[in-house]
Amino acid sequence: MKPTYYITTPIYYVNDVPHIGHAYTTLACDVIARFKRLDEYEVFFLTGTDEHGQKVETAAKNNGVNPKEFVDKVSENFKNLLNCMNFSNDSFIRTTEEKHIKSCQKIWDKLINNGNIYLDKYSGWYAVRDEAFFSESEIVDGKAPTGAPVEWVEEPSYFFNLSKWEQKLLQFYESNKDFISPKTRRNEIISFVKSGLKDLSISRTSFSWGVKVPNDKNHIMYVWLDALTNYLSACEYSNEQDDKVFKKFWPADIHMVGKDIIRFHAVYWPAFLMAADLPLPKKVYAHGWWTNEGNKISKSLGNVIDPFELVNKYGIDQIRYFLLREVPFGNDGDFSNSQLINRINSDLANSYGNLFQRVVSIIFKNCKEIIPLKPNKFDQEDLTLINSIKNNLDDYRNLIDEQKFDQYLKNIWIVISNANKYIDEQAPWALKKNNFERMEVVLFTLVETIRQISILLQPFVPHTAEKILDHIKIPHDQRKLKSVDFILNGNIEISLPTPLFPRI
Ligand code: MSP
């Protein structure tokens, strides 16, 4: 039986159109999901939309439509983003779906039956933009610490006894060192929990766009309890008839989130799960934020980066590569058009694309359009190149498990650059006249290296890797990670390729 791997993106608020931040979180998950599939895991890759709460209700009102009509429409934009970026999610959850509502009510019942919910009254600050409560001491110049405007809320509310879970959470972080990654986030969360947790208001009565609290018509659930539960709903938590899927995939292997929402995932969520007697996810990873040419991205500044526009202008694989290569994952990064163009021209067109183009053209001209047969004997420099990926597969596995995408790509680009140097040094065009056999070994070595590189690049630049592997006629069942270990047979007829990455 294959090992399983469950990976999730945050579910996106449907108050607005998708932007580069949304595309970035899902892209990171897509690369991991694709890599794990290549490594023969049974993957469940989930994304979706967060459709309840005051923020969405207000956005619907401002658009003059009822919330249901509004969320149906906006959630389509997020589905369109999946195609646009070539994302390979296995499921898309919407929090307005029946099965999700049922699973919210199920976890609520579990929490209340376990004695972790009580009815009281909330009075304090609430920031609609963050959908979060803030205490008096957190308010800075009349605003939330995130800069979001706050409003005073006073209403009856159910509370979750978060304070009771403080020590248990700290113990859990202590015995699961990778649960919160990267390390800086872990430290930040530990000191937040150590500073003392207050019980959390988990229902609202002043508006109605949410999941109804079981047995109390006046309350709807706090949107974050509702939203976090999506990770259970999507793997059939509420399916009482059949718990196979839930047993198979829960707990999740990784929840990928942005740094702004780490507290909800690394504090509230594990506390809810412990209180409901459910197993905890294995990891929460918080990535950094993009700025645009040095400025914070915001609608009011009018500098929101539209992923649809970028892909139209530069190409899907180009954008996927840039986003994960340019900035070490976990750090903040700045989006700059000139840097994007540099990366496309130098890394993609001049290095990877050119390597493939050169090798195929030489074979086309000198070997009657046929990739030479696997030779019986290699020189040391041929083997060094051929083995540079093959001998390091576990390093690549670890880099994906540690979410070090930029390092993974850097390592591959070292091989690409070595392969380009190898062509110059071996000069196969010169060998043609005096050592035809050696020329064939060199060209074979290069195609074999390109094969391995392209297998490993499939998660990042799926269209391009597919084009290359198609071009050198690698069968689909030989594109797995373990296929890197085979060696090409050669004797394959090929045509002249068109450039993979047009220079900009
Ligand atoms: N609905 C909640 C998540 C609930 S998960 C149970 C939410 N949605 S969101 O649409 O506001 O944000 C989703 C993701 O986009 C977050 O991970 C956030 O970090 C990410 N980004 C938003 N702007 C971003 C940048 N400028 N840069 C990188 N990622 C950013 O929060």
Side-chain angles (χ1 to χ4, degrees), residues 9-31 47-51 55-56 58-60 62-65 69-89 92 94 129-130 146-148 256-261 287-327 329 331-345 347-348 405 460-464 501-504:
T9 75
I11 47 170
Y12 302 107
Y13 285 130
V14 288
N15 62 316
D16 209 347
V17 290
H19 62 67
I20 196 73
H22 306 124
Y24 186 53
T25 317
T26 312
L27 171 61
C29 294
D30 186 60
V31 166
T47 186
T49 40
D50 190 352
E51 307 191 355
K55 176 147 96 171
V56 173
T58 309
N62 293 342
N63 279 273
V65 284
E69 254 176 85
F70 182 71
V71 298
D72 284 347
K73 193 164 143 248
V74 183
S75 122
E76 275 308 302
N77 298 334
F78 282 87
K79 285 196 174 155
N80 294 339
L81 180 67
L82 303 172
N83 264 337
C84 159
M85 293 283 297
N86 194 9
F87 292 149
S88 64
N89 58 303
F92 188 96
R94 299 183 53 192
R129 198 173 87 191
D130 302 332
T146 55
M256 182 66 73
V257 301
K259 62 178 184 180
D260 52 320
I261 55 175
H287 66 67
W289 268 46
W290 284 93
T291 48
N292 184 358
E293 312 276 352
N295 300 310
K296 186 173 184 244
I297 297 177
S298 93
K299 226 165 85 168
S300 52
L301 288 175
N303 65 350
V304 173
I305 303 172
D306 175 356
F308 296 96
E309 238 175 72
L310 274 187
V311 164
N312 265 338
K313 194 160 166 198
Y314 297 106
I316 299 181
D317 283 355
Q318 286 86 334
I319 298 302
R320 291 176 60 110
Y321 174 78
F322 172 77
L323 290 175
L324 293 178
R325 171 62 184 82
E326 187 63 11
V327 177
F329 202 62
N331 295 5
D332 290 338
D334 187 40
F335 187 94
S336 119
N337 266 292
S338 62
Q339 278 304 96
L340 168 61
I341 293 170
N342 271 343
R343 287 260 170 236
I344 295 175
N345 288 342
D347 300 7
L348 296 177
F405 307 114
F460 290 85
V461 288
H463 283 320
T464 310
F501 301 105
R503 274 187 196 79
I504 296 172

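We number each residue from 1, following the sequence as shown. Predicted, not measured: the structure shown is a model, and the values here were computed from it.
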Donor-acceptor contact below 3.5 Å, side chain [X] vs main chain [Y]:
{"X": "Arg325", "Y": "Arg320", "value": "no"}
{"X": "Asn63", "Y": "Ala59", "value": "yes"}
{"X": "Asn303", "Y": "Lys296", "value": "yes"}
{"X": "Asp334", "Y": "Gly294", "value": "yes"}
{"X": "Asp30", "Y": "Ser88", "value": "yes"}

Any side-chain heavy-atom pair of [X] and [Y] under 4.5 Å:
{"X": "Leu348", "Y": "Gln318", "result": "yes"}
{"X": "His19", "Y": "Ile305", "result": "no"}
{"X": "Phe335", "Y": "Thr291", "result": "no"}
{"X": "Val304", "Y": "Ser298", "result": "no"}
{"X": "Phe308", "Y": "Val311", "result": "no"}
{"X": "Leu323", "Y": "Phe405", "result": "no"}
{"X": "Leu27", "Y": "Leu324", "result": "yes"}
{"X": "Phe78", "Y": "Thr47", "result": "no"}

>> What verdict does the side chain to side chain contact (heavy atoms under 4.5 Å, CB included) test give for Tyr12 and Thr9, after you've listed the backbone C-alpha separation in whole Å, the side-chain angles of each residue and the deciding distance to 0.1 Å?
In response: CA-CA 9 Å; Tyr12 302 107; Thr9 75; 3.7 Å; yes
Non-hydrogen atoms of [X] and [Y] that approach each other most closely:
{"X": "Arg129", "Y": "Gly147", "result": "NH2-C, 4.0 Å"}
{"X": "Ile344", "Y": "Pro502", "result": "CG2-O, 4.4 Å"}
{"X": "Pro307", "Y": "Cys84", "result": "O-SG, 4.2 Å"}
{"X": "Phe92", "Y": "Thr49", "result": "CE2-OG1, 3.6 Å"}
{"X": "Tyr24", "Y": "Gly288", "result": "CE2-O, 4.0 Å"}
{"X": "Thr25", "Y": "His287", "result": "OG1-NE2, 2.9 Å"}

About how many Å separate [atom2] of [Y] and [atom1] of [X], when rounded to the nearest 0.5 Å?
{"X": "Lys313", "Y": "Asp306", "atom1": "NZ", "atom2": "CG", "result": "11.5 Å"}
{"X": "Ile504", "Y": "Ile341", "atom1": "CD1", "atom2": "CD1", "result": "5.5 Å"}
{"X": "Ile20", "Y": "Ile297", "atom1": "CD1", "atom2": "CD1", "result": "7.5 Å"}
{"X": "Asn342", "Y": "Ser336", "atom1": "CG", "atom2": "OG", "result": "8.0 Å"}
{"X": "Asp50", "Y": "Ser75", "atom1": "CG", "atom2": "OG", "result": "11.5 Å"}

Residue pair [X] / [Y], side-chain donor-acceptor N/O under 3.5 Å:
{"X": "Glu309", "Y": "Asn312", "value": "no"}
{"X": "Asn337", "Y": "Tyr314", "value": "yes"}
{"X": "Tyr321", "Y": "Thr464", "value": "no"}
{"X": "Trp289", "Y": "Asp260", "value": "yes"}

> Stepwise, does the side chain to side chain contact (heavy atoms under 4.5 Å, CB included) test hold for Val461 with Ile316?
Replying inline: CA-CA 8 Å; Val461 288; Ile316 299 181; over 6 Å; no
>> Which residue in the set Val74, Asn77, Leu81 passes side chain to side chain contact (heavy atoms under 4.5 Å, CB included) when paired with Val17?
In response: Asn77
>> Run the salt bridge (charged side-chain N to carboxylate O under 4.0 Å, His left out) test on Asp72 and Arg94 for me, step by step, so that the C-alpha distance in whole Å, both residues' side-chain angles and the decisive distance to 0.1 Å come before the verdict.
In response: CA-CA 9 Å; Asp72 284 347; Arg94 299 183 53 192; 2.6 Å; yes
